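Here's the structure we're looking at; comments come further down.
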Amino acid sequence: MDLIITEKDNAARRISDILSGGSYDSERRAGVNVYRWGGTRCIGLSGHVVGVDFPAEYDDWRDVEPVELIDAPVQKRPTQENIVRALRLLAREADRVVVATDYDREGELIGKEAYELVREANEDVPVDRVRFSSITEREVTEAFDDPDDIDFDLAAAGEARQIIDLVWGAALTRFLSLSARQLGDDFISVGRVQGPTLKLIVDREREIQAFDPEEYWELFADLLKADDADGEAADDDAFEAQFFYEDDDGTEAERVWAEATAEAVYDVLREASSATVSSVRRRSRTDQPPAPFNTTQFIRAASSLGYSAQRAMSMAEDLYTAGYITYPRTDNTVYPEDLEERELLEELAADSRFGDDAETLLELDDLTPTEGDEETTDHPPIHPTGELPSASDLDDDEREVYELVVRRFYATVAPDAQWEHLRVVSEVAADGAGPDDGPLTLKSNGKRLVEEGYHAVYPYLSTNESYVPDVSEGEVLSVVDTAFEAKQTQPPRRYGQSRLIETMEEMGIGTKATRHDVIQKLYDRGYIESDPPRPTKLAEGVVEASERFADRIVSDEMTAQLEADMQAIARGEKDLEEVADESREILVSVFEGLTESREEVGDMLQESLKADKRLGPCPECGEDLLVRKSRHGSYFVGCDGYPDCEYTLPLPSTGKPLLLEEECEEHGLHHVKMLAGRKTFVHGCPQCKADEADDEADVVIGDCPECGESAARSAADGDGEAVEAEGGELAIKRLRSGARLVGCTRYPDCDYSLPLPRRGEIEVTDETCEEHDLPHLVVHTGDEDDEGDDEPWELGCPICNYREYQARQAGSELETIDGIGEKTAEKLKGAGIDDRASLKEAEPDDLAGQVDGVGPDTVRDWQAKAD
DNA sequence: GCAAGGTC
């Protein structure tokens, strides 16, 4: 039997389709897809199926000195048990194995890992390697006709990276966390990629902090052709001209840095009634269509549509899995030779939404696509596959992103655009009154799109024109308006996510598949917040401490050095041990400095952590109010002067608090945001929230079902335990933490309560729930800054509403487990499994028998994850 | 529980 191993299931299926001529079928082995035809089996891995780590005796952070990790052994262990098991089973039966993982360094390493697993199960089966950079019939068949061997040197280069990253990352992360006494979920991490990325953000913030704005002035005039001024044409045919001069270096400048000069110039300009054209320059500029999409450029384009890097990639992943676009993780910006542009356009022409533009392009004789600078072997650039989603297959966001990919492909085969630029310089006579002896010079830059070219099919880039009329030298123009604008230089802007990813790419850190994840990691670690990301004080502390004691971990030079070493390994000039040991030696010397300054580092980091928790002054004693964590694990605001000062304020019970830059004008406290995944919300000033709750009166809506009159009555009717009527009533209440609920007026003697949404105005209607004798509620949302009211939310009876909510929760609980989607959850429900507890109790074999397409191993996998 | 790299 021949066994083919690919990097992912999707590739396995497509390669099987090509090699079998469409005749393959599939089976499951250990819960993993295996494709088969004739005497051939094909299995897809899931990237790395083994991972590197230290032996278990190094697991306890407190028992092991971080420095000991430097010389600790590094092991490889299976991380995808099912796939490893399936691979071993197949390897035993194989007479020949072909490794067909991705054609890049990491693919070579994944292939070598597969090779080792195969070897363990089968000592002498021959193992070949095939390489192709796109899964097309031609490339795949050619590669399989002429197989090669695994490049063990290239794989070793990848292993060097694994070891060095683990050792540096783990040792330094543990050191920083231990020195700041931050264990558990709040550890302090550093690494070869996250370090420099974080420093990029922190450095920019430092520039912003240090920025000292400078004042300057700009002067403008609106000019009009003289014949227009006579009547017919209106003033809106006027065009703008800006004052400019030659600065000391002889370069053209518009900003005037001295107020007195600006005023002197303006005095002349304001009095002027005409300006004479002194030069007219016309240029035509060719505007070439953009290159094919690689991952970074795709993220950039999607971000200009308003999607975060993370979201854009997740949608691209879905579009790829569904078969509509090619693999979204690629560095390549050159289409493969055998991409048939014309055929692809013909397929796309069938789409109702953007098919017309494909038709237009098909009329062109030449469809030669643009090429970018990067030509790699990993995967083709991202382009549509030609398979069209139907209207119901995609949601609005996915459709928008899919259209972006389609239109980018259009653009790459579309013609150039042509612009005409027109620069007009005119002069206003100064008669010696201006700053210099000569006349004032004004310039106007006009541009006009003369050939729309690719913009017709790719509407995402600006095609704004600026109007400047046809004038000739010596022509006299009227000055119809003038403006004098005082401005300030602006600090540099924070990096947005996509700019950050582009900069990482330029610096050579991270990869196409990880850069957006790295940014997400910085959010998760509490290093950055908001979008565009702003660094927290902790981030500033970590970068500063690293710069002083372990500079390499925040410098891109570490990657540059590693990259050079990896190339040397790949060329056979160095070996893996040598490179790893050199790196370990450097780390040993880093640790000498660190160990000496352990306390100083700890103090620095602790001070930063505290700064991130500081809200502002305590109204009672003037010390700092801090975000604190109670013994029960909930957050609240407490005074740094405790126990002398016992002032506190509550915080919402959901999420982890994060202090925003914004401060409350009244109380001088930072606003608080509660991070809770999709339920993240801004709480605002906790003092204001508490005050608002104190001022808001409770609204009674009925009897308490536990201790009110009606509870006593229904108990007496015999459908409940005897209840003594205490006269409790249900009321809509606002708590000082900002939460809102329906609760008993006898609280805390009776703690009956039902949750209500935090936001929106609640209207108590006349309609009553027959079952619970409570009024129906309607929530009016609609932001203050939003125009008009959103559709009001008919919440109904609060008891019924809460029951429905709980039912929904139970249904979706399973979906929080990795690998269980909506459809699977639905199937499981059919088998009587509707929450984590029942899933864990289920007998894997029984359950697998009841649910289609699910094996006992998959069930065991879920059960492990459900813990 | 640490990294970064695959992939879902």
Side-chain angles (χ1 to χ4, degrees), chain A residues 6-12 32-33 44-54 56 58-64 66 68-70 72 74 76 79-80 82-83 101-102 104-114 155 157-178 182-198 313-318 320-322 327-330 378-379 504 509-518 520-522 524-525 553 558-559 562-563 566 583 587 817-821 824 858 861 865:
Chain A
T6 70
E7 189 154 323
K8 41 191 166 283
D9 177 60
N10 213 310
V32 180
N33 288 337
L45 308 176
S46 182
H48 291 286
V49 293
V50 294
V52 290
D53 208 347
F54 302 110
Y58 291 87
D59 280 355
D60 194 324
W61 291 32
R62 267 168 288 220
D63 276 0
V64 180
E68 290 176 47
L69 294 177
I70 301 175
V74 173
K76 278 204 179 188
T79 49
Q80 305 273 354
N82 288 351
I83 296 177
T101 48
D102 292 354
D104 55 17
R105 184 172 57 217
E106 217 58 28
E108 207 67 25
L109 175 53
I110 291 166
K112 188 222 167 188
E113 289 161 356
E159 287 183 300
R161 179 199 58 69
Q162 288 185 318
I163 294 168
I164 290 168
D165 281 340
L166 173 67
V167 172
W168 280 74
L172 288 172
T173 294
R174 286 197 196 179
F175 182 91
L176 294 183
S177 305
L178 285 161
Q182 284 290 301
L183 296 174
D185 289 344
D186 292 328
F187 62 87
I188 297 172
S189 70
V190 280
R192 176 177 56 83
V193 176
Q194 53 174 286
T197 307
L198 192 56
M313 282 311 287
S314 140
M315 284 191 285
E317 177 74 39
D318 290 344
Y320 155 70
T321 319
Y327 193 62
R329 294 183 272 270
T330 176
D378 56 353
H379 295 278
M504 291 170 75
I509 56 175
T511 71
K512 65 220 171 186
T514 59
R515 291 187 191 109
H516 64 277
D517 286 334
V518 170
Q520 186 56 46
K521 187 172 275 183
L522 298 181
D524 296 343
R525 296 279 194 267
I553 205 70
M558 180 162 174
T559 296
L562 179 62
E563 205 58 55
M566 283 195 287
S583 180
L587 187 55
I817 295 167
D818 220 21
I820 301 186
T824 314
T858 311
D861 208 39
K865 286 174 187 161

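As the structure is a prediction and not an experimental result, all values here were calculated from the model. Values below: all heavy atoms of this structure, side chains included; hydrogens, waters and symmetry mates excluded.
To the nearest angstrom, P of B:dG6 lies 14 Å from CD of A:Glu108.
Partners of A:Arg161 by side-chain hydrogen bond (donor to acceptor under 3.5 Å, both in side chains), not counting sequence neighbours, listed by chain and number: A:Glu106, A:Asp165. Legend: residues meeting ring pair (Phe, Tyr, Trp, His ring centres under 6.0 Å) with A:Tyr327, ordered by chain and number and at least two apart, are A:Tyr320, A:His379.
Side chain A:Asp53 to base B:dC2: a donor-acceptor pair is found below 3.5 Å. The base of B:dC2 does not come close enough to the side chain of A:Ser189 for any donor and acceptor atom to sit less than 3.5 Å apart.
Each of A:Asp104 and A:Lys521 lies near DNA chain B, and the nucleotide nearest A:Lys521 is the one positioned closer to the 5' end. Residue-to-nucleotide proximity on DNA chain B shows that, of A:Leu45 and A:Arg62, the 5′-proximal contact is made by A:Arg62.
Checked against B:dC8, B:dG1, B:dG5, the side chain of A:Glu317 finds its nearest nucleotide in B:dC8. When distances are taken from the side chain of A:Lys8 to each of B:dG5, B:dC8, B:dC2, the shortest belongs to B:dC8.
For the pair A:Tyr327 and B:dT7, the criterion of a side-chain N or O lying under 4.0 Å from OP1 or OP2 is met. Look at A:Arg329 and you'll find a side-chain N or O under 4.0 angstrom from OP1 or OP2 of B:dT7. Remark: A:Gln194 is in phosphate contact with B:dA4, judged by side-chain N or O atoms under 4.0 Å from OP1 or OP2. In terms of phosphate contacts, A:Arg192 brings a side-chain nitrogen or oxygen within less than 4.0 Å of OP1 or OP2 of B:dG5. For the pair A:Thr511 and B:dG6, the criterion of a side-chain N or O lying under 4.0 Å from OP1 or OP2 is met.
With salt bridges taken as basic N to acidic carboxylate O contacts below 4.0 Å, none links A:Arg329 and A:Asp104. Between A:Glu68 and A:Arg174, no side-chain nitrogen of the basic residue sits less than 4.0 Å from a carboxylate oxygen of the acidic one, so the salt-bridge criterion is not met.
Under the stacking definition used here (centres under 5.5 Å, planes under 30°), the residue A:Trp61 qualifies as stacked on the base of B:dG1.
Within the nucleic acid shown, A:Val49 has no heavy atom closer than 4.0 Å to any nucleic acid atom. Contacts of A:Thr173 with the nucleic acid, taken as non-hydrogen atoms under 4.0 Å apart, involve only primed sugar atoms and P, OP1 or OP2. Nucleic acid contact class of A:Gln162 (heavy atoms, under 4.0 Å, all strands): base.
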